[in-house]
Amino acid sequence: MIPFVDLRTQYHSIKGEIDAAIAGVLESCQFTLGSEVEKFEEEFAAYTGSTFAIGVNTGTSALHLALLAANVGPGDEVITVPFTFVATVAAIHYTGAKAVFVDIDPRTYTIDPAQIEAAVTSRTKAIIPVHLYGQPADMDPIMVTAKKRGLIVIEDACQAHGAEYKGKRVGSIGDFGCFSFYPGKNLGAYGEGGLVTTQKGEFNRIVRMLRDWGAERKYQHVLKGYNYRLEGIQGAVLRVKLKCLERWTEERRAIAARYDLHFAGSRIITPQAMPYARHVYHIYAIRADRRSRWQEELQAQDIQTGIHYPTPVHLLPAYADLEYREGQFPHSEKAANEVLSLPMFPELTAEQTDTVAHAVLELASHTRAGAGGQPKAAR
Ligand SMILES: *Cc1c(COP(=O)(O)O)cnc(C)c1O
């Protein structure tokens, strides 16, 4: 079987160091925050080229606290994309603000900067570009619009640890960067985890307080805070894994290049790495014209695939109150109907990559030529 991701093989490759790191935390009894979390924060700030890094319990909490620190609240609007994991939008609504959607660029699956300006109103406070699949959004025009309209930029970098935009690491470009260490992410904890990066001392101070009950010193609650602390064991695990992240990222990029080579000249639409980007391939998604059949047939050959994501957020029942309709974000809707994520993890072997690619090419050769890549209405 070729799994979609394989966390066990990775654990076994670093087992000695991980087990010792966890045992160290058990001995120290620093179970939440503590010195391992502090060291991880310093190391991750350096890794992203950021001045400050604040560990929190999930990527969703990272987004929530960045929004609160940006003073986003009831009556405000925050611009983001509907083609993302639901957490991006959920975090906006936790603050009492409302998400306003802008469609994606269908080549990159990230926000189309040319459409942002038209979505800005007097209530807009922030923009959340999502570095989906591990490729940075086109940040320069986003930062220009933000500066012109006085908006805060919060990078959703939950899928993009180590990705770069014009040589700059994500998380160091906007006012905030938000990361997730959910186990399946490029840098994954052994449990939940998240982190906020920022360059501003005042933002650092506020996020740091909010994650721990709004207190700067014990029982001195200055703000209405949360229990969003990162656990000591996760800090220790993440420190071990951060040392491997560059190697794992290069392995992901090599697998992507191998897939690309197989699919070159075929009808398969592959991920497009932009000239400005260091793409870190959290997800390698192709477009499949007969997706459910392809997925079933690959499964029958013991090849696991995924769909990220089958429904854009504006069409999810949970966000029906935003009153968007089908057809409003055609690129997001089309992508949601077509994307198919192939197995992608650093330990995937060249042989496994070849097996997957051959199976996909075989399926594509059986699909009627000309049927692929056309809008639904044209079929
Ligand atoms: C994973 C993810 C999140 C949320 O992170 P959690 O740690 O699961 O809370 C937010 N945005 C995107 C794009 C993600 O992929």
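First listed ligand is number 1; within each ligand, the first listed atom is number 1. When reading the values below, keep in mind they use all heavy atoms of this one structure, side chains included, and skip hydrogens, waters and symmetry mates. All values reported here derive from a predicted model rather than from experimental measurement.
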For atom 13 (C) of ligand 1, closest protein heavy-atom neighbour: Asp156 OD2, 3.5 Å
In ligand 1, which numbered atoms sit nearer than 4.0 Å to a non-hydrogen atom of Thr58? 7 (O), 9 (O)
Tell me the protein heavy atom at minimum distance from atom 8 (O) of ligand 1, and give that distance in Å. Ser180 OG, 4.0 Å
Counting from 1 in the order shown, the ligand 1 atoms closer than 4.0 Å to a non-hydrogen atom of Ala87 are 3 (C), 4 (C), 10 (C)
Under 4.0 Å from a heavy atom of Val130: give me the atoms of ligand 1 that qualify, with their elements. 13 (C)
Give a yes/no verdict on whether any heavy atom in Lys185 is under 4.0 Å from an atom of ligand 1. yes
Any N/O of Thr60 closer than 3.5 Å to an N/O of ligand 1? yes
Test salt bridge (Lys or Arg N to Asp or Glu O under 4.0 Å) applied to Arg253 and Glu250, step by step: CA-CA 5 Å; Arg253 287 168 52 78; Glu250 284 309 318; 3.6 Å; yes
Should you measure from each heavy atom of Thr88, which atoms of ligand 1 turn up under 4.0 Å away? 11 (N)
Sequence neighbours left out, what passes salt bridge (Lys or Arg N to Asp or Glu O under 4.0 Å) with Arg239? Give chain and number order. Glu36, Glu43
Below 3.5 Å, N or O to N or O, backbone or side chain included: is there any such pair between Gln159 and ligand 1? yes
Regarding ligand 1, does Gly59 bring an N or O atom to under 3.5 Å of one of the ligand's N or O atoms? yes
Are Ile127 and Val89 joined in one hydrophobic group, where the rule is that I, L, V, M, F, W and Y side chains link up if heavy atoms are under 4.5 Å apart? yes
Under the side chain to side chain contact (heavy atoms under 4.5 Å, CB included) rule, what do Gln234 and Phe181 come out as? Steps first, then yes or no, please. CA-CA 9 Å; Gln234 306 311 336; Phe181 306 121; over 6 Å; no
Among all residues two or more places apart in sequence or in another chain, which pass the salt bridge (Lys or Arg N to Asp or Glu O under 4.0 Å) test with Lys125? Asp76
Membership question, hydrophobic clusters at under 4.5 Å side-chain separation (ILVMFWY): are Val100 and Val86 in the same one? yes
Shared hydrophobic cluster for Tyr226 and Val196 (ILVMFWY, side-chain gaps under 4.5 Å): yes
